[in-house]
Amino acid sequence: MADSESKKPRTFIHEIIDEDLKSGRFDRVHTRFPPEPNGYLHIGHAKAIVLNFGLAEEYGGKCNLRFDDTNPLTEDPHYVESIRRDVRWLGYDWEDREFYASDYFEQLYEWAVQLIKAGKAYVDDLSAEEIRRYRGTLTEPGKESPYRNRSVEENLDLFERMRKGEFPDGSKVLRAKIDMASPNLNLRDPVMYRIIHAEHHRTGNKWCIYPTYDWAHGQSDSIEGITHSICTLEFEDHRPLYDWFLDALGVHHPRQIEFARLELTYTVLSKRKLRRLVEEGYVRGWDDPRMPTLSGLRRRGYTPEAIRDFCERIGVAKSNSVVDIALLEHCVRQDLNKRAPRKMAVLRPLRVVIENYPDDQVEYMDCINNPEDLSQGTRKVPFSKVLYIERDDFREDPPKKFYRLAPGREVRLRYAYFIKCVDVVKDPGTGEVVELRCTYDPATRGGDAPDGRKVKATLHWVSAAHALEAEVRLYDHLFTKPDPNEVEEGQDFTANINPDSLQVVTAYVEPSLAEAKPGERFQFERLGYFVVDPDSTDDKLVFNRTVTLKDTWAKLQKAGKVN
RNA sequence: UGGGGCGUGGCCAAGCGGUAAGGCACGGGGUUUUGGUCCCCGGAUUCGGAGGUUCGAAUCCUCCCGCCCCAGCCA
């Protein structure tokens, strides 16, 4: 984390915290990251994690990890585990401060009783449907429930019996008595407790009434001594309600600050939509490398450093914004460029025979592992008479600006020799180019011509006899449109799923990769960054393409400036 | 038609009354045994719009326009 420490941007949140510290409202900074364990963390959560843990770090404070587990119907310990793993992977440590809203159920219950006694909460027998109708609309005030003015004694009795399990699900709720005419709907007697006879992943069957998020969240922050409760914009309207609860209880009152959640082009970041992608089989799971989940990005080969850097670069503000996914890609490239060892791999092989190279000779060429970091040393890569090069690196009829191999043209094979294409062998039936016949210049060993002769291109290659076969999974954006939600009438975001987001090829990779282990990242020269997938076995390597290298040639082609 | 927010180049985002940072993307050039990296250079006479205050406004005031969120016993 030290690498970007100095350039961390200050935000409006820093200004607020500075004021609070200066005014004496708080004398320390204590934040928290409060996920609900009902899904996997994604890059949007990373923004919140980096913000909250980052703030604590910058101000010498603490940041808790708290699971807001108030809904036993949707939550599962499996998610708790995945969330822990992801936060840790991102590089943050919550030490012994792992909390759960469910830790506070008893305290919350007592506080609810306190509000009932103060005449500020009541048990309501209205059905969910009735409560909705009584709430009014955006423009019309609601009306009070006929049960709103029950006596404190009756409320106490009823609430206690709710806890004991005397009533069926949905038959009663506990509501705060605030103002049914408030222009802020959150203040129209919000529900604090609902009856749910369901087993909770931590409290088991101890409870059959569960606090709503609105009732639990602010008080949980208060109990933990949080100073700054940072959340997303949609909770701005809830702040007056949280203030009301805290003031009615007379307990520690954190300051809530809202910021805009992250949105990214060419993907979706809503739990509901991500869940659909998984459940309807559009991807292979939460950790599919095409998913914007942290587990997906990890499997894709993204580094925690790159994700943190991204989160710091996008800034924190209050305006809804959609960040170009190109920035995320830039961040991984930048990180991997200086870290990933280079290798040679051919994704779409074209056979090349060096006619004047001795039949059984094999030379081991010295290759630099990382030109950006010479301390990574060198390695030997075998070279022989029959090679594979990339099909894209040969054009029988080269367009202008195509520098690579073509009939009669000379190019360099990286770290090896200059070769010249002398003949093209085609399949007599299809006309497809199946092999290139080339000659090499023995004087250019290593890649330099003693006579100063220049070539315009350097190609990567692999020795056919020595190369390893590997499965390589090439990924593209999951959606075809920058905004997946831009659809025709009657369609939904799945209509924009990119049918070519995954392409699997059988590649040939240099033999030094034989020992590569899952999670190891490499740059395949001239192609991109790749990571070994956990699907790999002892006799079969599987790679995921994290991101391509920037490719000005591809850009020219795409722009139609060349054919 | 209620309430709460937000509007600065293609995308983010600084700016807090003194005359538009930075990043990504894009375009141009240089270096280069990765068409990668790296290094230069280029772009808002203008800050949603219109008025006003001021010597001076993206920054203050007024009105208007646009976008987002809220009517779960989800979070």
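Just so we're on the same page: letters track the sequence lines, and every chain starts at 1. Side chains are part of it too, since the values below use all heavy atoms of this structure and drop only hydrogens, waters and symmetry mates.
- Residue order along RNA chain B, read from the 5' end via each residue's closest nucleotide, puts A:Gly447 first among A:Asp69 and A:Gly447.
- Nucleic acid contact for A:Lys555: sugar-phosphate only, since backbone atoms but no base atoms lie under 4.0 Å from a heavy atom of the residue.
- Partners of A:Glu160 under the side-chain contact (heavy atoms from CB on, under 4.5 Å) rule, at least two apart in sequence or in another chain, are A:Tyr109, A:Lys164.
- The CG atom of A:Asn38 sits 9 Å away from the P atom of B:A75 (whole-angstrom rounding).
- At a threshold of 4.0 angstrom between heavy atoms, the contacts of A:Leu126 include nucleobase atoms, whether or not backbone atoms are also involved.
- Nearest nucleotide to the side chain of A:Glu525, out of B:U34, B:G2, B:G3: B:U34.
- Within 4.0 Å (heavy atoms only), A:Ile131 reaches at least one base atom of the nucleic acid.
- Side-chain polar atoms of A:Gln256 and A:His238 form no donor-acceptor pair below 3.5 angstrom.
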Strictly under 3.5 Å: I want the nitrogen or oxygen pairs between protein and nucleotides 42-44 of chain B, one per line.
none

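- In this structure a side-chain-to-backbone donor-acceptor pair under 3.5 Å is missing from A:Glu510 to A:Lys343.
- Helical stems in RNA chain B, defined as runs of 3 or more consecutive Watson-Crick or G-U wobble pairs with both donor-acceptor distances under 3.5 Å, are listed by first residue as B:2-7 with B:65-70, B:10-12 with B:22-24, B:26-30 with B:38-42, B:48-52 with B:60-64.
- Residues of residues 316-327 of chain A that place a heavy atom closer than 4.0 Å to RNA chain B, in numerical order, are A:Val316, A:Ala317, A:Lys318, A:Ser319, A:Asn320, A:Ser321, A:Val322, A:Val323, A:Asp324, A:Ala326, A:Leu327.
- Between A:Ile16 and A:Arg255, the closest heavy-atom pair is CG2-NE, 3.3 Å.
- A:His238 comes within 4.0 angstrom of a nucleotide base, judged by non-hydrogen atoms across all strands.
- Residue A:Pro37 comes nearest to A:Ile83 through the heavy atom pair CA-CD1, 3.9 Å, listed as atom of the first residue, atom of the second, then distance.
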Please tabulate, for side-chain N and O atoms in residues 70-77 of chain A, each donor-acceptor pair with protein atoms closer than 3.5 Å (sequence neighbours left out).
unit_1	atom_1	unit_2	atom_2	d
A:Asn71	OD1	A:Leu73	N	3.0
A:Thr74	OG1	A:Glu36	OE2	3.3
A:Thr74	OG1	A:Asn71	O	3.4
A:Glu75	OE1	A:Asn71	N	3.4
A:Glu75	OE2	A:Thr70	N	3.4
A:Glu75	OE2	A:Asn71	N	3.0
A:Asp76	OD1	A:His78	N	2.7

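- Every side-chain contact (heavy atoms from CB on, under 4.5 Å) that A:Leu138 has, sequence neighbours left out, goes to A:Leu185.
- Partners of A:Thr232 according to the side-chain hydrogen bond (donor to acceptor under 3.5 Å, both in side chains) rule, which considers only residues two or more places apart in sequence or in another chain, are A:Glu234.
- Closest contact between the side chain of A:Arg132 and the listed nucleotides B:U34, B:C70, B:G72 involves B:G72.
- Salt-bridge annotation for A:Arg404 and A:Asp392: absent, with no side-chain N of the basic residue lying under 4.0 Å from a carboxylate O of the acidic one.
- Rounding to the nearest 0.5 Å gives a distance of 7.5 Å between OH of A:Tyr302 and OG1 of A:Thr546.
- Contacts between residues 171-179 of chain A and RNA chain B, defined by a heavy-atom separation below 4.0 Å, involve A:Val173, listed by number.
- A:Phe402 comes within contact range of at least one nucleobase, with a heavy-atom separation under 4.0 Å.
- Heavy-atom distances to RNA chain B give each of A:Lys47 and A:Thr70 a nearest nucleotide, and the one nearer the 5′ end belongs to A:Lys47.
- Note: A:Phe99 and A:Tyr104 have tilted aromatic rings, judged against thresholds of 30 and 60 degrees for the angle between ring planes.
- Here A:Arg261 does not reach the OP1 or OP2 of B:G5: none of its side-chain N or O atoms lies under 4.0 Å away.
- Formation of a donor-acceptor pair under 3.5 Å by the A:Arg526 side chain with backbone atoms of A:Thr458 is found in this model.
- One can place NZ of A:Lys561 at 8 Å from C1' of B:G27, the figure rounded to the nearest angstrom.
- Taking a 6.0 Å sphere around NZ of A:Lys420, one finds it holds 12 or fewer heavy atoms contributed by other residues, nucleotides or ligands.
- Note: CH2 (A:Trp553) to C1' (B:U32) measures 19 Å, nearest angstrom.
- Separating the P atom of B:A13 from that of B:G18 is a span of 23 Å, rounded to the nearest Å.
- Distance, A:Ile83 CD1 to B:A75 P: 14 Å, rounded to whole Å.
- At distances below 3.5 Å, at least one donor-acceptor pair connects side-chain atoms of A:Thr293 with backbone N or O atoms of A:Trp286.
- At a non-hydrogen distance threshold of 4.0 Å, A:Asp448, A:Thr458 from residues 448-460 of chain A come into contact with RNA chain B.
- Here A:Glu15 lies in heavy-atom contact (under 4.0 Å) with a base.
- Side-chain N/O atoms of A:Asn184 and base N/O atoms of B:G4 include no donor-acceptor pair closer than 3.5 Å.
- In this structure, A:Arg521 has no side-chain hydrogen bond (donor to acceptor under 3.5 Å, both in side chains) partners at least two apart in sequence or on a different chain.
- OP1 or OP2 of B:G72 sits under 4.0 Å from a side-chain N or O of A:Arg135.
- Side-chain N/O atoms of A:Glu234 and base N/O atoms of B:C68 include no donor-acceptor pair closer than 3.5 Å.
- A parallel orientation is assigned to the rings of A:Tyr266 and A:His477, their planes being inclined by less than 30° (bins at 30° and 60°).
- Remark: side-chain polar atoms of A:Arg342 are paired, donor with acceptor, to backbone N or O of A:Ala340 under 3.5 angstrom.
- Under the rule for a side-chain contact (heavy atoms from CB on, under 4.5 Å), the partners of A:Phe310 that lie at least two apart in sequence or sit in another chain are A:Ile43, A:Leu262, A:Leu264, A:Ile314, A:Val323, A:Leu327, A:Leu328, A:Cys331.
- Across all strands, A:Asp237 comes closer than 4.0 Å to base atoms (heavy-atom distances).
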Restricting both atoms to N or O, compile the protein contacts to nucleotides 36-38 of chain B shorter than 3.5 Å, with distance only.
unit_1	atom_1	unit_2	atom_2	d
B:G36	N2	A:Glu372	OE2	2.7
B:U37	O2'	A:Asn337	ND2	3.0
B:U37	O2'	A:Glu372	OE1	3.2
B:U37	O2'	A:Glu372	OE2	3.4

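- A:Phe235 comes within 4.0 angstrom of a base, heavy atoms only.
- Within the 3.5 Å criterion, the main-chain N or O of A:Val123 finds a donor-acceptor partner in the side chain of A:Asn155.
- Atom pair A:Glu258:CD and B:C70:P shows a separation of 15 Å (rounding to whole Å applied).
- Among the nucleotides B:G23, B:C74, B:C70, the one closest to the side chain of A:Arg313 is B:G23.
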Please step through side chain to side chain contact (heavy atoms under 4.5 Å, CB included) for the pair A:Arg175 and A:Ser145, ending with a clear verdict. CA-CA 10 Å; A:Arg175 293 229 257 170; A:Ser145 164; 4.0 Å; yes
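- Considering only side-chain N and O atoms, A:Arg194 lies nowhere under 4.0 angstrom from the phosphate OP1 or OP2 of B:G72.
- A distance below 6.0 Å separates the ring centres of A:Phe524 and A:Phe543.
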